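What you are looking at is a predicted structure, and each value in this text was computed from that prediction instead of being measured. The chains referred to below are lettered A, B, ... by the order of the sequence lines, with proteins before strands, and numbering in each begins at 1.
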Protein chains: 2
Amino acid sequence: MRNADRTENTRALLLRAARHEFAEHGIAGARVDRIAERAGVNKQRIYAHFGDKEQLFRHVVGHALDELSQAVTLTDDADPGEYVARIFDYHRTRPDLLRLFLWEALHYGDSPLPGEEERSRLYDAKVASLSEALGGRVPEAEVRRILLTLIGMAAWPQITPQMARLVLGESAAGTDQESLREHLVRFTRNAVTAPEHI
Amino acid sequence: MRNADRTENTRALLLRAARHEFAEHGIAGARVDRIAERAGVNKQRIYAHFGDKEQLFRHVVGHALDELSQAVTLTDDADPGEYVARIFDYHRTRPDLLRLFLWEALHYGDSPLPGEEERSRLYDAKVASLSEALGGRVPEAEVRRILLTLIGMAAWPQITPQMARLVLGESAAGTDQESLREHLVRFTRNAVTAPEHI
DNA sequence: CGTTGGCAACCAACCAGTTGGTTGTCAATC
DNA sequence: GATTGACAACCAACTGGTTGGTTGCCAACG
């Protein structure tokens, strides 16, 4: 293998291993040794490639964010209900990403996240799409609030699986994700197609 | 001060300090030394009273849970919109609790939480109240899903303040919590008073 | 042969949890 | 009202394992 390829390879291995580790344990709980071992790569390579633990975390989150924004777009279809369902599906099949974002949110608290401008533009596009989907009659500020709520609704059951279990009842939780999905679509449509939005 | 009172006092001091520390840094990020220092109590007292770090965390979360369930009840008013608003208000004024629960959720993942039965009964009561508030025509399974969604909606903006800032736009986020609250009430009423719920 | 990637061993700081000795408080007994 | 025993808390040093980060040497590539 050429040197350049080898480099690229170990970077990829490290990023993947780091993603698992960070998703599972968070920044403080993650162990650099474990990441290196999981990647089958020497620990020192982490520092050569990424600087330190936190910068590695940022790289991981950056990657994850790109992936999410590519996978779940709003422009394709005009139905907000279906949009919520797709976010829900995404988080259900790849719970790692959501955990990653939560660790990040908790860690950085109110202080600005790395790469905010980029993310900001990303949401602006979604706001525009949603505004159109709503028929263009809802003021932008309210469209933004609706978008925020939709994203939260879709993510919530995955964020707190334990609470989901408790609220939904022991039996249904694991098996009945399909009903939950349908509920979200229904709930969203009801909320959004109602007569008055101010 | 009597001995019994002194004990109670240091316990309370420790729990309060621990709550701050855990809310801020999570289980892995929290430092036992810092908790002791913050409480103005010797570190060794933590081990005498609570056993170890994680058990202390559980005590803290237990307290927080009691507090939340006492503060935000569903039985008082029949309007689900107002219920959501009250959850929202609670988390806005006391963000510590939500952070605590998130750290807990992330830490324990899918495995059962300490004290699940107790919490379960708590939610059962809320389900009953909500069912009544909805006119008693919605099947219980769907009521449970609605409850889950309502709680999530109310918590979400506080969970990810950074995302809220990005989605809502830099300017509005901090100042316009009132509009957000009204949006939640409106959104909930629209969703819930719609004709069909299956 | 210089540059670049890889590695094992290393290190100093950190951190949860412990120990042993000391001071102060309460309550019962004499 | 002095003595005694049982707690509760304080303090400071210590332990043993962990952890993020570093160094010096070797191998492969170009």
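Ranking dG5(C), dG21(D), dC10(D) by closeness to the R45(A) side chain, first place goes to dG5(C). Nearest nucleotide to the N42(B) side chain, out of dC10(D), dA9(D), dC7(C): dC10(D). In the set dG6(C), dA16(C), dG21(D), dG21(D) carries the atom at the smallest distance from any side-chain atom of K53(A). Considering only side-chain atoms of Y47(A), the nucleotide from dG6(C), dG20(D), dA16(C) that sits closest is dG20(D). Comparing dT19(D), dG17(C), dG6(C) by their closest approach to the side chain of H49(A) singles out dG6(C).
The CD-C1' distance, from E8(B) to dA8(D), rounds to 13 Å in whole Å. As a whole-Å value, the separation of Q44(A) CD from dC25(D) C1' is 12 Å. The distance from atom CD of E37(A) to atom P of dC7(C) is 13 Å, rounded to the nearest whole Å. Rounded to whole angstrom, the span from the CG atom of D33(B) across to the C1' atom of dA16(C) amounts to 8 Å. Residue Q55(A) contributes atom CD, which lies 15 Å from atom P of dG20(D) at whole-angstrom precision. When the C1' atom of dC26(C) is taken as reference, atom CG of N9(B) falls 16 Å away, rounded to whole Å. Here dC10(D) presents its P atom at 11 Å from CD1 of I46(B), a figure rounded to the nearest Å. To the nearest angstrom, P of dC7(D) lies 17 Å from CZ of R11(B).
Using a 4.0 Å heavy-atom criterion, one finds that G40(B) contacts the sugar-phosphate atoms exclusively. Nucleic acid contact class of A30(B) (heavy atoms, under 4.0 Å, all strands): sugar-phosphate only.
A donor-acceptor contact shorter than 3.5 Å is absent between the side chain of R181(B) and the backbone of F88(B). A distance-only check finds no donor-acceptor pair linking the side chain of R34(B) to the backbone of E21(B) [under 3.5 Å].
Note: F57(B) and F22(B) have perpendicular aromatic rings, judged against thresholds of 30 and 60 degrees for the angle between ring planes. Classification of the F50(B)-H59(B) ring pair by plane angle, with boundaries at 30° and 60°, yields perpendicular.
At the phosphate of dG6(C), OP1 or OP2 sits under 4.0 Å from a side-chain N or O atom of T10(A). Contact annotation: R31(B) does not reach the phosphate of dC14(C) (side-chain N/O to OP1 or OP2, under 4.0 Å). An OP1 or OP2 oxygen of dA9(D) is reached within less than 4.0 angstrom by a side-chain nitrogen or oxygen of T7(B).
Annotation: of the two residues near DNA chain C, K43(A) and V32(B), the 5′-most nearest-nucleotide partner is K43(A).
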Q: Mind running salt bridge (charged side-chain N to carboxylate O under 4.0 Å, His left out) on E142(A) and R186(B) for me, showing each step along the way?
A: CA-CA 11 Å; E142(A) 179 67 8; R186(B) 213 157 48 231; 2.8 Å; yes
